[in-house]
Enquirer: 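The structure is given below, and queries will be raised subsequently.
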2 protein chains.
Amino acid sequence: MDAVSASEDQVFAALASPVRREVLRLLRDGGPQPVRKLAGNFAMARPSLSEHLRVLREAGLVTERKEGRERLYRLEAVPLTEVQQWLSPFERFWRDRLTGLRDLLDRLDDEGQDDEREDRDEREEHGQEEERR
Amino acid sequence: MDAVSASEDQVFAALASPVRREVLRLLRDGGPQPVRKLAGNFAMARPSLSEHLRVLREAGLVTERKEGRERLYRLEAVPLTEVQQWLSPFERFWRDRLTGLRDLLDRLDDEGQDDEREDRDEREEHGQEEERR
DNA sequence: GTGACAGGTAGGAGATTTCCTACCTATAGT
DNA sequence: ACTATAGGTAGGAAATCTCCTACCTGTCAC
C-alpha cells in the first residue's frame, strides 16, 4: 500500500517541496542515482533527503533498486500524468489569457516562440471573463 | 505586486491542498463567485476558506473584485503555466513508459484490481540511460 | 572475522499549516 | 440612523512538515 498508490493528493503534495522537485529533475537528467549522490546537491543532511525520497516513493514518483550496498533511485514519471490531467481543463483559460489583447500588449516580447493556434476569443462564456476594462 | 508574483514555489504549494485545487475547479466551471458561495462546497468554516483564498491570491491563481458587499473571486490561470512548464520535460518519460510493451502487459493484468499495481520490478532497458541489467 | 560505507529508521525540536471562534470593517436595506 | 450581511483578520490549538543527531542493518573489502 505504498510506493504505487500514486493518488492525486500524494503526487501534488510531493511536488510541493522544491527539494523533491529538484530530486525528480536530477533523476530525469542524470538517470538512476544512489542516495548519496543525490544528497550531494543539497545542503541538508543525508537522512533528511532520505525522507524526501520516502515521500516521493509513496507518491509513486520514484522507485528504488538495491545495487550492491547502494540503492539506485529511479524516476517514475507516470504519476505525473495525474498532474497533467488535472491541469488540462485549465489550459484553454491561460491560452485565452495569453492571446488576449491586454496580455498581448503586456508581453509583446515573449510572444514570439509559442505555438500558433489563433482560435481564441471564445472567452467570456462561463461568465469567467465578465470584467475587464 | 502580490497577485502577480506567481513564483513556481508558491504555485506548487498552493496546489498541494485538495481544497484549493477544488476551489480552482469551481471557479473554472462556475465562473467568478463570492466567498460564501464557494464556502458552501466545503465542510469548513468560512474564515478557513478565506485563508485558502489568500494562499491562492498570493500565488496569483485568483484575483478578487469588490462587487457591492461581496467579493467575487476569479480564476487566474496564467500561473498554472509554471506547472505545465515544469512538467513538460518529463513528458517523454511517461510516454516511453505508457507505450512500453511491458507496461502494457502490466496494465492489462491489473486492470481489475484498480489501486494495487503490484511490484513487478526488474524491467529496465531504455528509459533512464546508464541502466544495465 | 573487523572495518568502512550506504542508507533506512527513531525520536525530537522548531516551523508551518490548517482548522477553529471571536471580532472587525464595509456595504445594503430599511 | 440601525440592523443584517459579506468577508477579512487575530490569536490559538492541533496536526503535520522539515530538519537534525543518534542509531541500526546490510554489504563490500580486507
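Naming convention: chains lettered A, B, ... in sequence-line order (proteins, then strands); numbering from 1 in each chain. This structure is a prediction, so every number in the text was calculated from the model and none was measured.
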Enquirer: Between B/Leu38 (CG) and D/dG8 (C1'), how many Å, whole number?
Expert: 15 Å
Enquirer: So, OP1 or OP2 of D/dC17: does either fall under 4.0 Å of a side-chain N or O from A/His52?
Expert: no
Enquirer: Which whole-number value in Å describes the distance from B/Glu67 CD to C/dT27 C1'?
Expert: 12 Å
Enquirer: Between A/Val55 and A/Gly68, just flag the one whose closest nucleotide in DNA chain D comes earlier from the 5' side.
Expert: A/Val55
Enquirer: Using the ring pair (Phe, Tyr, Trp, His ring centres under 6.0 Å) rule, collect all pairs that involve residues 10-62 of chain B, keeping only residues at least two apart or in two chains.
Expert: B/Phe12-B/Trp86
Enquirer: Figure out the CG/P separation between B/Leu49 and C/dT21, and round it to whole Å.
Expert: 15 Å
Enquirer: What is the distance, rounded to the nearest whole Å, between atom CG of A/Asp9 and atom C1' of D/dT16?
Expert: 15 Å
Enquirer: Does B/Ser48 have a side-chain nitrogen or oxygen under 4.0 Å from the phosphate oxygens OP1 or OP2 of C/dC20?
Expert: yes
Enquirer: Does any pair with a residue in residues 11-27 of chain A pass salt bridge (Lys or Arg N to Asp or Glu O under 4.0 Å), and if so which ones, sequence neighbours excluded?
Expert: A/Arg21-B/Glu8, A/Arg21-B/Asp9, A/Glu22-A/Arg25, A/Arg25-A/Asp29
Enquirer: For B/Arg46, give me all partners under salt bridge (charged side-chain N to carboxylate O under 4.0 Å, His left out), at least two apart in sequence or on another chain.
Expert: none
Enquirer: Report the distance from atom CE of B/Met44 to atom P of D/dA14, rounded to the nearest whole Å.
Expert: 19 Å
Enquirer: Which pair of non-hydrogen atoms, one from B/Phe90 and one from A/Ala77, has the smallest distance, and what is that distance?
Expert: O-CB, 4.1 Å
Enquirer: Please enumerate all protein N or O atoms sitting under 3.5 Å from an N or O of nucleotides 6-10 of chain C, with distances to 0.1 Å.
Expert:
{"from": "C/dA6", "atom 1": "OP2", "to": "A/Arg36", "atom 2": "NE", "distance (Å)": "3.2"}
{"from": "C/dA6", "atom 1": "O5'", "to": "A/Arg36", "atom 2": "NE", "distance (Å)": "3.4"}
{"from": "C/dG7", "atom 1": "OP1", "to": "A/Val35", "atom 2": "N", "distance (Å)": "3.1"}
{"from": "C/dG7", "atom 1": "OP1", "to": "A/Arg71", "atom 2": "N", "distance (Å)": "3.2"}
{"from": "C/dG7", "atom 1": "OP2", "to": "A/Arg36", "atom 2": "N", "distance (Å)": "2.7"}
{"from": "C/dG7", "atom 1": "N7", "to": "A/Arg46", "atom 2": "NH2", "distance (Å)": "2.9"}
{"from": "C/dG8", "atom 1": "OP1", "to": "A/Tyr73", "atom 2": "OH", "distance (Å)": "2.9"}
{"from": "C/dG8", "atom 1": "OP2", "to": "A/Ser50", "atom 2": "OG", "distance (Å)": "2.5"}
{"from": "C/dG8", "atom 1": "N7", "to": "A/Arg46", "atom 2": "NH1", "distance (Å)": "2.7"}
{"from": "C/dG8", "atom 1": "O6", "to": "A/Arg46", "atom 2": "NH2", "distance (Å)": "3.1"}

Enquirer: State which residues pass side-chain hydrogen bond (donor to acceptor under 3.5 Å, both in side chains) with B/Glu51; sequence neighbours excluded, sorted by chain then number.
Expert: none
Enquirer: Hey, is the side chain of A/Lys66 poking within less than 4.0 Å of OP1 or OP2 on D/dG26, counting only N and O atoms?
Expert: no
Enquirer: Can you name the residues that form a ring pair (Phe, Tyr, Trp, His ring centres under 6.0 Å) with B/Tyr73, not counting sequence neighbours?
Expert: none
